Protein chains: 2
Amino acid sequence: MSGVNIKMLAEALQLAPSTVSRALNDSHEISEKTKKRVLAMADKMNYQPNPFARSLREHRSKTIAMIIPDLVNNFFSQVIEGVEEITQQFGYHLLVYHTHENVEREKEIVTHLLNGRVDGIMMSVSHQTKETEHLMRVYQKGIPLIFFDRICDSIPTTKFVTNGYESGYEATQHLIEQGCKRIAFLLLSKEISISQQRLRGYTDALKDNGLEKNEDLILMCGKDDHYNHQLIKEFLNGEHRPDGVLAAVEKLAITTYYVAGELKLNMPDDLRLVSFSNMKIADLLNPSLTTISQPTHEFGRQAASLLMNKLTKRNTPDFKDEIVVLPSKLDIRKSSK
Amino acid sequence: MSGVNIKMLAEALQLAPSTVSRALNDSHEISEKTKKRVLAMADKMNYQPNPFARSLREHRSKTIAMIIPDLVNNFFSQVIEGVEEITQQFGYHLLVYHTHENVEREKEIVTHLLNGRVDGIMMSVSHQTKETEHLMRVYQKGIPLIFFDRICDSIPTTKFVTNGYESGYEATQHLIEQGCKRIAFLLLSKEISISQQRLRGYTDALKDNGLEKNEDLILMCGKDDHYNHQLIKEFLNGEHRPDGVLAAVEKLAITTYYVAGELKLNMPDDLRLVSFSNMKIADLLNPSLTTISQPTHEFGRQAASLLMNKLTKRNTPDFKDEIVVLPSKLDIRKSSK
DNA sequence: ATTGAATACGAAATCGATTCCGTGATTAAA
DNA sequence: TTTAATCACGGAATCGATTTCGTATTCAAT
């Protein structure tokens, strides 16, 4: 049934379990000769240490958790790739949990991880998570915690974000330079926290270019695609329709494509579009989509590296309460040119 | 540092640890009154059972592993979503490992999972994994193992695949009906195992329609995008260029779009294209892409359900050595119409 | 020759939850 | 009223690896 354990190994070698354990862990207390014998026998008997016995004793699991809202948006898939690249190098295991933007689900997951199952947590909070008590408990328990993208400000730890403000500003500036006079901003009401900086960049760019800020041009969309479609359609069909659109999230840009098609609006002539997005085939859309893309793999790699460093090196100081900014990149394509 | 354990709980309640354990597990040997007291105190002291102690004792981890080649292809992201949906319902944890199409990496991962860390494994093998000894070891160890999409025939267990043959046939038939005479098939050399059925569907459809099979129309592409680009460009630029293309994987369809653009080939007039793909925005490509999409979430849900059933219900028979087929769906769009 | 320190290993406790085996008390059956 | 069964719980072993104490030997130093 189960495999060989250290006791069986010890018996086969006519040694005590303690000696075998030390030999396997390359302790200086064991002679080279014995070490070789043990290693050889362990190999021969195909010995695999029991991870739970070890974790129980050592109070660490060599496992970290990644808690994310969703995967369908390929942003997080790409981040995971980056994370996994690092954790594998360190021999750590990666548990993945989805909150599906549900705060209650997030609480459950986080609470379940309070029992030591993981040595560290990387997470992106579910939209406007107001309550932070469950996160504070993780922090106070001393479990290394890192936020990325959707961060929680009130927890004093390191957070990785992208430069939403600058990107929003840059994208808006670009649209203005292309001659847009009425630039709209599309965002998901659920994503306020992350979209807010993008929105500020947008409004500041307008202001700096002497364009009036117009609340009517800021369109709050919801979760339902069909509803958004109607909303955007009315918006783009109105008398005072915008000549430029900056979408805070990819899915709203997609909907804009559909609506533009229905309304026979020609992009970029009738409407210029820029979107925050990590789509790989922006080039292939009709017209190709100007995007602001985040350094997803870098997100994963840097956050995971910081965590791995903390977990594997002795006397590492606690994470600084700071926000690390990884710049996004504006790729201008035909939808805005 | 660490949390409260069952012994501390017992002390606070003036009970034996064994009694507390039984009360928490709702044993019939414990009176209702005591159970209530224990539950209340456990709640008050914020007791969280140690998962490693439990796993060590029970020889099960309530964790399963998902081993996949890659995530960038959103096929697997979507499957994971389906899996996670099920595992969460059962309170199971999900470990994710990527092989990056590297057989050696796959062996390492699989071998590491032989120690009981997971109760079950769901995997999609890295391309043409010829050696199956490492998989056989998992099977012989008695760890429930399920394959999906990229399966390993020689292991007698349940495998989930999609109907590549029928889809390949249907797509080819569709292209023929649209008037294509010279239909090409694009595949990745690394993906032979999975593309082979699609290829057979393609060739049979040609045969059944009285079209000659032409080896020159079957294009083996490689891993490098740039190389593929050149290859496809020469292919589509030749004198005997095809008037229809069936791409076995999405990335080759993407490259075809680029090449068609460069060569000023008009789709669908000069070239009709159909691709196996799970892209969500096929509608938005220029022209919109006709796809054969797999039921990804269903893949994840069904495979995970089968596994959960096996792990949580007593006396479940071993997985049958069978192949479950989940049909793909042809969505005809402008690239082929 | 005696003391001191390495050297190389063994015995047993430990991590925290579960469970086998008892055992005193209460209740039901004879 | 005696016997048997049931109830409700305690004690201790157990899962498998690590680690704290020991201890018997060897070797060098005084």
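For the numbers below, each heavy atom of this structure counts, side chains included, while hydrogens, waters and symmetry mates do not. The shown structure was predicted, so the numbers you read here are calculated from the model rather than taken from an experiment. First the proteins, then the strands, lettered A, B, ... as listed; each starts at 1.
- Per the geometry, CZ belonging to A:Arg57 stands 8 Å off C1' belonging to D:dA17, to the nearest Å.
- A close approach under 4.0 Å does not occur between any side-chain nitrogen or oxygen of A:Asn50 and OP1 or OP2 of D:dG16.
- Both B:Arg22 and A:Thr34 lie close to DNA chain C; mapped to their nearest nucleotides by heavy-atom distance, the more 5′-ward contact belongs to A:Thr34.
- Between A:Glu84 and A:Arg301, none of the side-chain N atoms (NZ, or NE/NH1/NH2) sits under 4.0 Å from a carboxylate O, so this pair counts as no salt bridge.
- Within the structure, every side-chain polar atom (N or O) of A:Tyr47 is placed at least 4.0 Å from both OP1 and OP2 of D:dG16.
- One interatomic measurement links the two molecules: NZ of B:Lys7 to P of C:dT18, which rounds to 15 Å at whole-angstrom precision.
- In this structure, CD1 of A:Ile6 is placed 12 Å from C1' of D:dT19, rounded to the nearest angstrom.
- The distance from atom CD of B:Glu32 to atom C1' of D:dC7 is 13 Å, rounded to the nearest whole Å.
- For A:Ile30 against A:Lys35, the heavy-atom pair with the smallest separation is O-CE, 3.5 Å.
- Side-chain atoms of A:Arg54 lie closest to D:dT18 of the nucleotides C:dG16, D:dC9, D:dT18.
- Relative to the side chain of A:Thr19, the nucleotides C:dT18, D:dT18, C:dG10 differ in distance, and C:dG10 lies closest.
- Whole-Å rounding puts the A:Asp26 CG to D:dT18 P distance at 13 Å.
- Side chains of A:Ser18 and A:Ser21: a donor-acceptor N/O pair is absent below 3.5 angstrom, by distance only.
- Across C:dT19, C:dA11, D:dC9, the shortest atom-to-atom separation from the side chain of B:Glu58 is found for C:dT19.
- Looking at the side chain of A:His59, the nearest of the listed nucleotides D:dC15, C:dT19, C:dC15 is C:dC15.
- Checking the phosphate oxygens (OP1, OP2) of C:dA8, no side-chain nitrogen or oxygen of A:Ser31 falls inside 4.0 Å.
- Using a 4.0 Å cut-off, no side-chain N or O of A:Asn5 falls inside it from OP1 or OP2 of D:dC15.
- Taking 4.0 angstrom as the limit, B:Ser18 places none of its side-chain polar atoms (N or O) nearer than this to OP1 or OP2 of D:dG10.
- Looking at A:His112 and A:Arg117, their side chains never bring a donor and an acceptor atom within 3.5 Å of each other.
- To the nearest angstrom, C1' of C:dA6 lies 10 Å from NE2 of A:His28.
- Checked by atom type, the side-chain pair A:Thr99/A:Ser126 shows no donor-acceptor distance below 3.5 Å.
- Here C:dT19 presents its P atom at 13 Å from CD1 of B:Ile30, a figure rounded to the nearest Å.
- Per the geometry, CG belonging to A:Leu56 stands 9 Å off P belonging to C:dC15, to the nearest Å.
- Residues A:Leu24 and A:Glu29 both approach DNA chain D. Their nearest nucleotides, taken by heavy-atom distance, put A:Leu24 toward the 5′ side.
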